[in-house]
There are 2 protein chains.
Amino acid sequence: MDFFDEVGPAALGSRLRRLTDTMTSQAAEVYDLYHLPFEPRWFPVFCTVAQEPGRHVGDIAERIGQTHAAVSQVVKDLAKHDLVVVQRGEADQRRSVVALSEKGAALWPALQQQTADVRQATEALLAETRHNLWLAIEEMEYALSRQSLGSRVKALRDERVTDEVRLLDYTPAHQPDFKRLNVEWIERYFRVEAADLKALDYPDEYILQRGGRILLAEYGGQVVGTCALLKMDDTSYELAKMAVSPTAQGLGIGFQLGQAAITQARALGARRLYLESNTKLKPALSLYHKLGFRKTVAGQPSPYERCNIQMELLLTS
Amino acid sequence: MDFFDEVGPAALGSRLRRLTDTMTSQAAEVYDLYHLPFEPRWFPVFCTVAQEPGRHVGDIAERIGQTHAAVSQVVKDLAKHDLVVVQRGEADQRRSVVALSEKGAALWPALQQQTADVRQATEALLAETRHNLWLAIEEMEYALSRQSLGSRVKALRDERVTDEVRLLDYTPAHQPDFKRLNVEWIERYFRVEAADLKALDYPDEYILQRGGRILLAEYGGQVVGTCALLKMDDTSYELAKMAVSPTAQGLGIGFQLGQAAITQARALGARRLYLESNTKLKPALSLYHKLGFRKTVAGQPSPYERCNIQMELLLTS
DNA sequence: TTATTATTTGTAAGTACTTACATAAATACT
DNA sequence: AGTATTTATGTAAGTACTTACAAATAATAA
């Protein structure tokens, strides 16, 4: 049984390549058939030059949807076979202006005839099938230009992960995970400070007994994310100790933790949430922004060396 | 305006390649998304090995529709990344039997999850379009396996050429063309003999006045083919001087000339057509066969050195 | 058993593109 | 006018395959 039938559209790319390769080699056969000393890959460039002489490399590239590098190489090949002549641009000396040579012009009618035959054969071929490949390609290119495969897959996965992530309340048994996840990311970018260790080693004393909360996220049977609320005063809490394991990053787990923390803070009667971070941590900042946090103008001094930005979220209503 | 819209399906190959390239690069993005240290091109091989361990290189290649060389390279890569282990076959020492390594086995569940997500996203993508790309590829592969693009184009062109070829009756003005075309092919394979020159220089005396006929084929304003009937006796004619210019070969012009000659011979009252050729000339022999000629068992001596095969066609009815 | 042929694999080089980088000419900015 | 930036191009190297070739082992014929 064919591998592709089993795996299905997940291997769409591989399958497309296979068809592309057969099409390309069969196209080469067609040129042999007409005894034309011509390679299929020259076609788009040659055709453009024949129809509109005086265009330059970048211009041609844009028209046929390839890179200038590809066109440059093809033009070099065509020139080597005396099918085109290349001149410097008159007004702009950087440009390589391409035109058909005598030999190229002589070849053009035969190539046009051949193209007409190929076109007719291909159209008959397409008419033979129930699902039109040409139109299908067009639609697929459009669909992918609107939203890439990556973001489509990501959307699907995020949806699935959201269902599979469990938010846990902190128990003393979670202390090692709580410490591990935080130390992990701090060491990746900075060094662990004394203030960190106090809170990470004794969360009960330094966070919970002072009126704070700790949230954990479990995914695939493992604790992969943490987040804490530190009580500042009756209506202000600090969002801190936000950490997500690198293997689980990009799954929207930080966002879920953040949202849960905000809900929790509201329940505790908070009117304002505050946090400190570092401008180096781009993904974290964009997460905080997505949660509604905005940069504060005048900041208090921070106990952490690594912090150079402060943000807050006002919980009105 | 897009080049492909203008040129149309003639550039199907180029366009397929463009889509293949975007699909491939977007697939690579998906692997990044999952933090999998994995390249898209490994997928078919890895998947096969995971599902059915103990298969060898050639076996895998056949299953996924690629060459053994491609599989060999991918396996080498996978082994370098410790994702598979390769062992010599037990019974057959030539075989490279592939199985997942521990690291590969650990990766497999994540890859399966990812594949499921991609599959779902792709299926949604395909459902979005009116013309289903997956099915279109399938149909196109089938259509091309039944008849290649080359032979489809050839069939179309032959039809067109048949309309454009004109068969002319010989006039003395044609003698130079008649000689040129024959000398051209004889010199390509053999050397011109005295017997040739007599008939080619004085066709009137050696062919027509002895009751024979000469036919010429004109295509694109030029004489590109010749063929002659030499009278042997009242009911027997020899088909000779069959020549088609190399630039016009493969267009079915020889077949048209042959058919016209047979019709002519019938009109002259022939019951039997005879010809001499050489077994080196494969295309010519297949043409004669297609016209109905069959090899004769006992042959008369030929005046030409180059002839080592004789064929005949009996014109009953 | 030995010689020949076929099978299995690996390696090198080619294909039709791409991205990344380098260089020269043109344009914009002080 | 002189410098910085942008634009146009060419070249090199990479990609995911292919074909072509070479070498080793297995199967078959003599």
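The analysis underlying the following values was restricted to heavy atoms, covering all of them including side chains, and did not include hydrogens, waters or symmetry mates. Just so you know, these numbers come straight off a predicted model, no measurement behind them. So that the names make sense, note that chain A is the first sequence line, chain B the second, and so on, each numbered from 1.
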I need the [atom1]-[atom2] distance between [X] and [N], as an integer number of Å.
X: Met23(A); N: dT15(C); atom1: CE; atom2: C1'; result: 16 Å
X: Ile60(B); N: dT8(C); atom1: CD1; atom2: P; result: 13 Å
X: Leu16(A); N: dT15(D); atom1: CG; atom2: C1'; result: 16 Å
X: Arg18(B); N: dA16(D); atom1: CZ; atom2: P; result: 20 Å
X: Gln66(B); N: dT15(D); atom1: CD; atom2: P; result: 16 Å
X: Arg63(A); N: dA8(D); atom1: CZ; atom2: C1'; result: 20 Å
X: Asp21(B); N: dG14(D); atom1: CG; atom2: P; result: 18 Å
X: Asp77(A); N: dT15(C); atom1: CG; atom2: P; result: 9 Å

* **With sequence neighbours excluded, residues passing side-chain hydrogen bond (donor to acceptor under 3.5 Å, both in side chains) with Gln147(B)** =>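 Partners of Gln147(B) by the side-chain hydrogen bond (donor to acceptor under 3.5 Å, both in side chains) criterion, ordered by chain and then number, come out as Ser151(B).
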* Identify, with sequence neighbours excluded, every residue that meets side-chain hydrogen bond (donor to acceptor under 3.5 Å, both in side chains) alongside Asp21(A). =>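 With neighbours one apart ignored, the set is empty.
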* Confirm from the modelled atom types if Gln73(A) and dT9(D) form a donor-acceptor pair under 3.5 Å, side chain to base only. =>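 For Gln73(A), whose side chain was compared with the base of dT9(D), there is no donor-acceptor pair (under 3.5 Å).
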* For Glu138(B), salt bridge (Lys or Arg N to Asp or Glu O under 4.0 Å) partners two or more places apart ->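 Salt bridge (Lys or Arg N to Asp or Glu O under 4.0 Å) list for Glu138(B), sorted by chain: Arg15(A).
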* Asked: Under the salt bridge (Lys or Arg N to Asp or Glu O under 4.0 Å) test, which residues partner Arg152(B), sequence neighbours left out?
  ->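 Here the qualifying residues are Glu128(A).
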* **Of Ala69(B) and Pro40(B), the one whose closest DNA chain D nucleotide lies more 5'** =>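 Counting from the 5' end, the first nearest nucleotide belongs to Pro40(B).
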Distance-only criterion, 3.5 Å: show the donor-acceptor pairs between side-chain atoms of residues 66-86 of chain A and protein atoms not counting sequence neighbours.
residue: Thr67(A); atom: OG1; partner: Ala70(A); partner atom: N; Å: 3.3
residue: Asp77(A); atom: OD2; partner: Arg41(A); partner atom: NH2; Å: 2.4
residue: His81(A); atom: ND1; partner: Asp77(A); partner atom: O; Å: 2.9

If you check the [X] side chain, which of [options] turns out closest?
X: Ala70(A); options: dT9(D), dT18(C), dT11(D); value: dT18(C)
X: Arg41(B); options: dC17(D), dA16(C), dT18(C); value: dC17(D)
X: Arg95(B); options: dT8(C), dT18(C), dG10(D); value: dT8(C)

* **pi-stack flag for His56(B) and dT8(C), centroid dist under 5.5 Å, interplanar under 30°** =>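 Base of dT8(C): not stacked against His56(B).
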* State whether the aromatic ring of His68(A) stacks on the base of dT9(D), taking stacking to mean ring centres under 5.5 Å apart and ring planes under 30° to each other. =>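 Stack criterion met.
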* Asked: Taking Thr48(B) for the side chain and Pro44(B) for the main chain, is one N or O donor matched with an acceptor at less than 3.5 Å?
  ->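 Present.
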* Indicate, with a heavy-atom threshold strictly under 4.0 Å, whether Thr67(A) touches base, sugar-phosphate, or nothing. =>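 Base contact - Thr67(A) has a heavy atom under 4.0 Å of at least one base atom.
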* To do: Report yes if the side chains of Leu281(A) and Ile309(A) come closer than 4.5 Å at any heavy-atom pair, otherwise no.
  =>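 No - every pair of side-chain heavy atoms lies 4.5 Å or more apart.
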* **Contact under 4.0 Å: Lys76(B) side-chain N or O vs dT11(C) OP1/OP2** =>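 Yes, such a contact exists.
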* Asked: Looking at Ser96(A), does any N or O in its side chain come under 4.0 Å of the phosphate oxygens OP1/OP2 on dG10(D)?
  ->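 The answer is yes; a side-chain N or O of Ser96(A) sits under 4.0 Å from OP1 or OP2.
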* **Residues touching DNA chain D, which here means a heavy atom under 4.0 Å, drawn from residues 86-94 of chain B** =>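 Here the set is Ala91(B), Asp92(B), Gln93(B), Arg94(B).
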* Mark yes when over 12 heavy atoms from residues, nucleotides or ligands other than Gln93(B) sit less than 6.0 Å from its CD; otherwise mark no. =>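 More than 12 heavy atoms, drawn from other residues, nucleotides or ligands, come within 6.0 Å of this atom.
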